[in-house]
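These notes are about the structure you will find just below.
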Amino acid sequence: MIAEKLRLGINIDHVATVRNARGGAVPDPVRAAMIAQAAGADGITAHLREDRRHIRDADMAAIKDAISIPLNFEMAATAEMHKIAMATKPHAVCLVPERREERTTEGGLEVAGDDNRLTDYIGPFKEAGTRVSLFIAPDQRQVEAAARIGADIIELHCGLYCDLHDEGRFDERDAELGRLTAMATHAHGLGLEVHAGHGLSYDNVSPIAALPEVVELNIGHFLIGEAIFRGLDASIQEMRRVMDAARA
Ligand code: PXP
């Protein structure tokens with residue numbers, strides 16, 4: 001079943017990045033989550049990184065308590081995060097690769113080569129009723145491994161597509177869009193729910209929003225930046241408008 005309405009998850013990590021630049025309490029990511037919810041967001045995503053560079057443990061708990069829309073807890077597949085996420089009981093966990101030195105999540109999760117460990121890792125989440133999403137590149141091996149280990153969702157990494165678009169390398173962008181399109185279809189055929197995210201903006205979102213099998217986009221950095229100029233609620237509402245226009 002292909003959903004008509006495309007859900008929009010708002011990643012609020014970079015509100016915490018700005019807060020942490022000064023070490024105080026503002027801007028508060030919980031307030032951002034509440035504004036996003038009121039502006040029509042369908043979910044809130046937050047990434048508790050090992051180095052706590054933006055979202056911190058207390059933020060995650062406070063966001064969970066404050067919102068009534070789903071919380072998507074983004075995390076590396078480590079023992080520490082397993083414990084915290086099990087205690088937080090989010091709607092979903094999204095497993096991502098994480099390297100200390102990276103500026104943002106580079107590349108997708110290696111599922112195919114780590115399937116036995118990941119099967120054990122996600123088992124308790126599935127038993128607890130928490131949905132499991134894997135953030136992967138549009139790569140057939142990874143899609144098939146995600147289905148094999150029993151993930152509920154894949155989130156397709158749009159970072160390369162967005163970079164190629166933003167750099168004006170349109171032939172290469174179109175090739176990457178072709179891979180995203182094919183893997184969205186393949187994953188859907190295997191019974192996986194398909195999400196997409198990373199690097200999306202008003203300018204590059206439309207071809208991704210138009211993919212019929214994609215039912216949710218997760219967007220952060222661009223919208224938090226845009227919020228400086230037009231406010232968070234207006235920034236989200238404009239993204240909603242662009243996504244819906246592409247979907248129609
Ligand atoms: N989805 C996942 C799994 C991510 O890791 C990120 C970045 O943290 C996003 C979506 C949002 O990406 P961006 O901040 O570039 O919009």
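First listed ligand is number 1; within each ligand, the first listed atom is number 1. These figures come from a predicted structure and were not determined experimentally.
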>> Suppose we measure from atom 16 (O) of ligand 1 to each protein heavy atom; which comes out shortest, and what is that distance?
In response: G220 N, 2.7 Å
> What atoms in ligand 1 come closer than 4.0 Å to a heavy atom of I219?
Replying inline: 16 (O)
> What atoms of ligand 1 come closer than 4.0 angstrom to any heavy atom of V96?
Replying inline: 3 (C)
>> Tell me the protein heavy atom at minimum distance from atom 5 (O) of ligand 1, and give that distance in Å.
In response: E74 OE2, 2.5 Å
>> With nothing but distance in play, are any N or O atoms of H221 less than 3.5 Å from an N or O of ligand 1?
In response: yes
>> Whether R179 and E176 form a salt bridge (side-chain N of Lys/Arg under 4.0 Å from carboxylate O of Asp/Glu) is what I want to check.
In response: yes
> Among all residues two or more places apart in sequence or in another chain, which pass the side-chain hydrogen bond (donor to acceptor under 3.5 Å, both in side chains) test with N218?
Replying inline: T45, E155, E216
> Among L223, L134, L95, N11, whose heavy atom sits nearest atom 8 (O) of ligand 1?
Replying inline: N11
>> ring-ring contact (aromatic ring centres under 6.0 Å, His included), that's the test. Do F125 and H82 meet it? Break it down for me.
In response: CA-CA 9 Å; F125 290 118; H82 198 280; 4.6 Å; yes
>> Run the ring-ring contact (aromatic ring centres under 6.0 Å, His included) test against H47 and tell me which residues pass, sequence neighbours left out.
In response: none
> If you count the non-hydrogen atoms of other residues, nucleotides and ligands that lie under 6.0 Å from NE2 in H221, is the total more than 12?
Replying inline: no
>> Is there a polar contact between ligand 1 and N218, counting only N or O atoms under 3.5 Å apart?
In response: no
>> Does ligand 1 come near enough to G199 that some N or O of the ligand is less than 3.5 Å from an N or O of the residue?
In response: yes
> Nearest non-hydrogen atom to atom 1 (N) of ligand 1 belongs to which of E155, E216, H198?
Replying inline: E155
>> If you count every heavy atom of other residues, nucleotides or ligands that lies below 6.0 Å from D171 atom CG, does the total exceed 12?
In response: no
> Mind checking whether D51 and E98 have side chains closer than 4.5 Å, heavy atoms only?
Replying inline: no
